[in-house]
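Atoms considered below: every heavy atom in the structure, side chains included; atoms not considered: hydrogens, waters and symmetry mates.
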Amino acid sequence: MQIDDLYEERRLLSNRLMYDHLTQAFSRSYLEIRLTEAVNLMLRGELKWLSVCVFDVDNFKSINDQYGHASGDALLTRITRIIKENIRQSDCIARLGGDEFVILFTENQDENHAPAIVERIRVHVANARFGEGDVAYNASCSFGIVSVTPDQLTLNDLPNQMLSSADEALYSAKHKGKNAVGIATLSDLS
């Protein structure tokens with residue numbers, strides 16, 4: 001019986017490290033592992049595109065203030081579910097913290113599908129109703145995305161540069177009025 005308890009304890013700890021407890025998105029530390037693995041797959045010629053999308057909920061503080069933190073938590077959980085329903089098995093969503101998330105897209109096709117998927121997600125979130133009854137409301141997200149191809153692999157610290165560039169594209173989308181997708185180009189990373 002003791003060994004079963006140890007295995008269960010180890011499984012629970014592993015889950016705690018791998019997943020965000022609220023949304024069940026992957027954790028930030030697990031995202032870093034997946035991003036490094038994706039860069040290595042690209043180095044081996046197994047990926048043609050690697051895209052990072054950073055996004056957050058527009059006016060999240062106002063939603064929390066107006067509808068309460070439980071409603072804000074439910075919103076984050078529901079948005080995570082919408083993302084999971086619209087990405088492929090090979091992609092992943094991770095929560096960075098608060099209302100900020102990252103979607104990691106890997107593509108072994110010639111065409112990069114990440115921008116179209118992100119736009120579809122933006123529309124799904126914007127058209128969804130959150131909350132219930134008297135506290136039903138709409139919400140939107142802003143997104144920043146950057147994509148790289150194998151010829152960009154020579155850049156130093158590519159994972160952090162991609163996250164930073166996607167973050168800048170997110171702020172550009174917010175600056176343009178929110179509920180938008182900002183796209184950083186590869187030249188922005190040079």
Side-chain angles (χ1 to χ4, degrees), residues 23 25-26 28 30-60 75-76 78-128 138-155 157-190:
T23 63
F26 287 115
R28 181 185 195 126
Y30 184 71
L31 169 75
E32 290 169 4
I33 292 166
R34 285 284 297 265
L35 189 49
T36 301
E37 284 176 353
V39 168
N40 289 334
L41 283 172
M42 193 174 256
L43 278 168
R44 291 198 306 261
E46 295 178 40
L47 291 179
K48 294 189 179 175
W49 289 94
L50 175 59
S51 300
V52 168
C53 174
V54 176
F55 76 93
D56 67 13
V57 180
D58 296 326
N59 308 311
F60 185 66
L75 172 66
L76 296 177
R78 175 106 180 276
I79 287 173
T80 302
R81 202 166 344 122
I82 290 170
I83 305 296
K84 286 179 177 181
E85 290 166 0
N86 283 282
I87 61 175
R88 299 158 302 187
Q89 199 85 39
S90 59
D91 304 326
C92 81
I93 177 174
R95 185 175 180 201
L96 288 184
D99 67 319
E100 193 169 34
F101 293 82
V102 172
I103 308 170
L104 175 64
F105 297 95
T106 56
E107 188 75 63
N108 54 15
Q109 310 290 311
D110 286 331
E111 190 179 342
N112 181 14
H113 293 99
I117 295 169
V118 170
E119 177 58 22
R120 185 174 66 225
I121 290 167
R122 185 196 65 74
V123 170
H124 274 290
V125 172
N127 290 334
N138 290 87
S140 65
C141 293
S142 293
F143 302 82
I145 187 168
V146 65
S147 300
V148 296
T149 54
D151 55 317
Q152 251 74 39
L153 291 175
T154 57
L155 293 166
D157 198 16
L158 184 62
N160 279 329
Q161 285 204 36
M162 288 184 75
L163 285 167
S164 179
S165 191
D167 209 33
E168 287 174 26
L170 162 65
Y171 284 103
S172 171
K174 287 207 172 284
H175 187 70
K176 290 177 184 163
K178 303 180 181 172
N179 189 24
V181 178
I183 297 178
T185 61
L186 301 178
S187 60
D188 296 342
L189 288 173
S190 302

- Message: If I compare all heavy atoms of A173 with all of G182, which pair ends up nearest, and what's the gap?
- Response: CB-N, 3.6 Å

- Contacts of type side-chain contact (heavy atoms from CB on, under 4.5 Å), residue I82, not counting sequence neighbours: R78, N86, H124, V125, A128, F130

- Message: Looking at every heavy atom in both L75 and V57, which two are closest together, and how far apart are they?
- Response: CD2-CG1, 3.9 Å

- Hey, what do you get for CG (N160) to OG (S165), rounding to the nearest 0.5 Å? 12.0 Å

- Message: H113: which residues meet the side-chain hydrogen bond (donor to acceptor under 3.5 Å, both in side chains) condition with it, sequence neighbours left out?
- Response: E107

- Query: What residue among V146, I145, V118 forms side chain to side chain contact (heavy atoms under 4.5 Å, CB included) with I183?
  - Reply: I145

- Evaluate side-chain contact (heavy atoms from CB on, under 4.5 Å) for L104 paired with D91, printing each intermediate quantity in order. CA-CA 6 Å; L104 175 64; D91 304 326; over 6 Å; no

- Is there side-chain contact between T36 and V39, with at least one heavy-atom pair below 4.5 Å? no

- Note on the structure: CH2 (W49) and CG (D110) are apart, to the nearest 0.5 Å, by 9.5 Å

- Query: Pairs in or reaching into residues 169-180: which pass salt bridge (Lys or Arg N to Asp or Glu O under 4.0 Å), with residues at least two apart or in two chains?
  - Reply: D56-K174, D58-K174

- Partners passing ring-ring contact (aromatic ring centres under 6.0 Å, His included) against F26 (at least two apart in sequence or in another chain): Y19, Y30

- Would a distance-only check, ignoring hydrogens and angles, find a side-chain to backbone donor-acceptor pair under 3.5 Å from S142 to N179? yes

- Query: What is the distance from atom OG of S164 to atom CG of D157, rounded to the nearest 0.5 Å?
  - Reply: 10.0 Å

- Item | Value rounded to 0.5 Å, distance of OG1 in T23 from CD1 in I79 | 10.5 Å

- Task: Might you point out which heavy atoms bring R28 and L96 nearest each other, and give the distance in Å?
- Result: NH1-O, 3.7 Å

- Message: Applying side chain to side chain donor-acceptor pair (under 3.5 Å) as the test, list every pair that has at least one member in residues 93-102; sequence neighbours left out.
- Response: D20-R95

- Locate the shortest heavy-atom distance separating L31 from A94; write the atom from each residue and the value. CB-CB, 3.6 Å

- Between L47 and A38 the two heavy atoms that sit nearest each other are CD1-O, 3.5 Å

- Item | Donor-acceptor side-chain pairing of Q152 and T149 below 3.5 angstrom | yes

- Item | Straight-line distance of L163 CG to E168 CD, nearest 0.5 Å | 11.5 Å

- Task: To the nearest 0.5 Å, tell me how far L41 CG sits from L50 CG.
- Result: 9.5 Å

- Item | Pair listing, ring-ring contact (aromatic ring centres under 6.0 Å, His included) test, anchored in residues 88-110, at least two apart | F55-F101

- Return yes when atom CZ of R34 has more than 12 non-hydrogen atoms of other residues, nucleotides or ligands closer than 6.0 Å, and no otherwise. yes

- Message: Between T80 and L76 (side chain of the first, backbone of the second, donor and acceptor by atom type, cut-off under 3.5 Å), is there such a pair?
- Response: yes

